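In this text, all values refer to a predicted model and were calculated from it rather than measured experimentally.
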Amino acid sequence: GRAAGQKSHLWGLRAGSPGKELVLFHYAPGRDYDTLKAWLHEPLSRFDGVIVTDEYRPYQQLADEYEGIRVRGGCWAHVRRKAADALKGRRHASDAQRMIKAIAMLYELESRCADLDGAEKLAERRRLIGPWVETFYAWLDEIAPTYLSKGLMQSAIRYARNARVPLTAFLDHAELSIDNNPMERAIRPFTIGRRNWLYAGSPRGASASAFLYSLVESAKGCGLEPKAYLQALFERYPFARTTEERRALLPVFINMDPSAG
């Protein structure tokens, strides 16, 4: 019912504890809030935790509507991307370059907190990164009036300033990361593949792709080698008779020990 050249979308999420992370892709013709809510309403009605997203408005609407989403964190990788766009064609001593270097310092400071948990992690983040945040935003406030409202640099500044609350939420919530890079990496194989095959021939084909990419990226997220996982899946699935037996073949549950049968 849709031509191959019509614009469609692949939504994606990544969730779980380290080493047991599942990735789920979802094909949809639209990219509005109703589409997002229709996809996630059932799991979010039982969700209790935090999320990290970019600043696409439907994500904030989702956080506002569902009480189980205790806080939404922002993505500093997206801030850096805006600055990188502004840097194109500018000299390296520009404010865009300075912004990129400042964000690199943020990541260096966060790396010093990587092995900490809970209250200890929060305390160290506040000690190391709290002053950086104040300095960074004071500098943005200072330079913002010097750029045209529709320029790329102003766009980068506006993005960071408008998103200050979610971008700095990690200072109050130890479980939040400072970016959404794990999901960005999970998306990359699909975007690289798209350069080769260009289109999904139908909604059914797009949904099949979303399903297969979900399996492969979830296998990676669970520490499994994708080819070996798919081999085990294809060998065992024909013998799965119940929902429980099929569920046991998901990457987060499967036993890859050959002696396990």
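Contact annotation: the side chain of Y33 approaches that of L62 to within less than 4.5 Å [non-hydrogen atoms, C-beta and beyond]. You'll find the side chain of C222 stays beyond 4.5 Å of the side chain of Y229, heavy atoms only. Residues H9 and Y27 fail the side-chain proximity criterion, which asks for heavy atoms closer than 4.5 Å. In this structure, the side chains of L13 and L40 come closer than 4.5 Å at one or more pairs of heavy atoms. Considering only heavy atoms from C-beta on, F239 stays 4.5 Å or farther from E245 through its side chain. K82 has its side chain out of reach of L152: every pair of non-hydrogen atoms, C-beta onward, lies at least 4.5 Å apart. At a threshold of 4.5 Å between non-hydrogen side-chain atoms, the residues L24 and E217 do not count as touching. Side-chain contact between P189 and K220 is present, with heavy atoms from C-beta onward closer than 4.5 Å.
Within a 6.0 Å radius of CZ in R246, more than 12 heavy atoms belonging to other residues, nucleotides or ligands are found. Atom CG of L148 sits in a sparse spot, with 12 or fewer heavy atoms from other residues, nucleotides or ligands closer than 6.0 Å. Residue F211 places its CZ atom among 12 or fewer non-hydrogen atoms of other residues, nucleotides or ligands, all under 6.0 Å distant. In the displayed structure, E67 atom CD is contacted under 6.0 Å by at most 12 heavy atoms of other residues, nucleotides or ligands. Within 6.0 Å of atom OH in Y56, more than 12 heavy atoms from other residues, nucleotides or ligands are found, so the atom counts as buried in its surroundings.
Hydrophobic clustering, with ILVMFWY side chains joined whenever heavy atoms are under 4.5 angstrom apart, groups L224 together with F234. Grouping the Ile, Leu, Val, Met, Phe, Trp and Tyr side chains by contacts below 4.5 angstrom, directly or via other members, places F25 apart from L36. Cluster annotation: M153 and I103 are assigned to the same hydrophobic cluster (Ile/Leu/Val/Met/Phe/Trp/Tyr, side-chain heavy-atom contacts under 4.5 Å, transitive). Follow the hydrophobic side-chain contacts under 4.5 Å out from W39 and you reach Y59 in the same cluster. In terms of hydrophobic clustering, with Ile, Leu, Val, Met, Phe, Trp and Tyr side chains grouped at heavy-atom distances under 4.5 Å, F170 and I51 are assigned to different clusters.
The two atoms that bring P226 and A219 nearest to each other are CA-CB, 4.3 Å, heavy atoms only. For the residue pair L233 and P238, the shortest heavy atom distance occurs at O-CD, 4.5 Å. Closest non-hydrogen pair, D179 versus V52, comes out as O-CG1, 3.6 Å. Nearest heavy atom pair, residue D32 against residue P58, reads C-CG, 4.5 Å. Of all non-hydrogen atoms in P251 and L215, the two that sit nearest each other are CG-O, 3.9 Å.
The aromatic ring centres of W132 and W139 sit 6.0 Å or more apart.
In terms of the ring-ring contact (aromatic ring centres under 6.0 Å, His included) criterion, residue partners of Y66 (sequence neighbours excluded) are, by chain and number, H41.
Judged by the 6.0 Å and 45° rule, R164 forms a cation-pi pair with Y137.
A side-chain donor-acceptor contact under 3.5 Å links R126 to the backbone of L171. Remark: the backbone N or O of K20 is not paired with any side-chain donor or acceptor of S17 at under 3.5 angstrom. Of the possible polar contacts, none joining the W11 side chain to the R31 backbone as a donor-acceptor pair under 3.5 Å is found. Remark: side-chain polar atoms of S45 are paired, donor with acceptor, to backbone N or O of E42 under 3.5 angstrom. A donor-acceptor pair is defined here as one N or O able to donate and one able to accept, closer than 3.5 Å; such a pair exists between the side chain of S218 and the backbone of S214.
Residue M99 holds its CE atom at 4.0 Å from CZ of F136, rounded to the nearest 0.5 Å. Taking CZ of F190 as the start and CZ of R194 as the end, the distance is 7.0 Å to the nearest 0.5 Å.
Using a 4.0 Å cut-off between charged side-chain N and carboxylate O, E184 and R188 make no salt bridge. Between E120 and R125 there is no salt bridge, since none of the side-chain N atoms of the basic residue sits less than 4.0 Å from a carboxylate O of the acidic one. The residues K121 and E124 are annotated as not salt-bridged, no charged nitrogen and carboxylate oxygen being separated by less than 4.0 angstrom. In this structure, D64 does not pair ionically with R72, as no charged nitrogen and carboxylate oxygen lie closer than 4.0 Å. Between R161 and D141 there is a salt bridge, with a side-chain nitrogen of the basic residue lying less than 4.0 Å from a carboxylate oxygen of the acidic one. A salt bridge links K37 with E65: the distance from a Lys NZ or Arg NE/NH1/NH2 to an Asp or Glu carboxylate oxygen falls below 4.0 Å.
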Worksheet item: After noting the C-alpha distance and the side-chain angles of D172 and V71, does the key distance pass the side-chain contact (heavy atoms from CB on, under 4.5 Å) rule?
Response: CA-CA 10 Å; D172 297 310; V71 66; over 6 Å; no
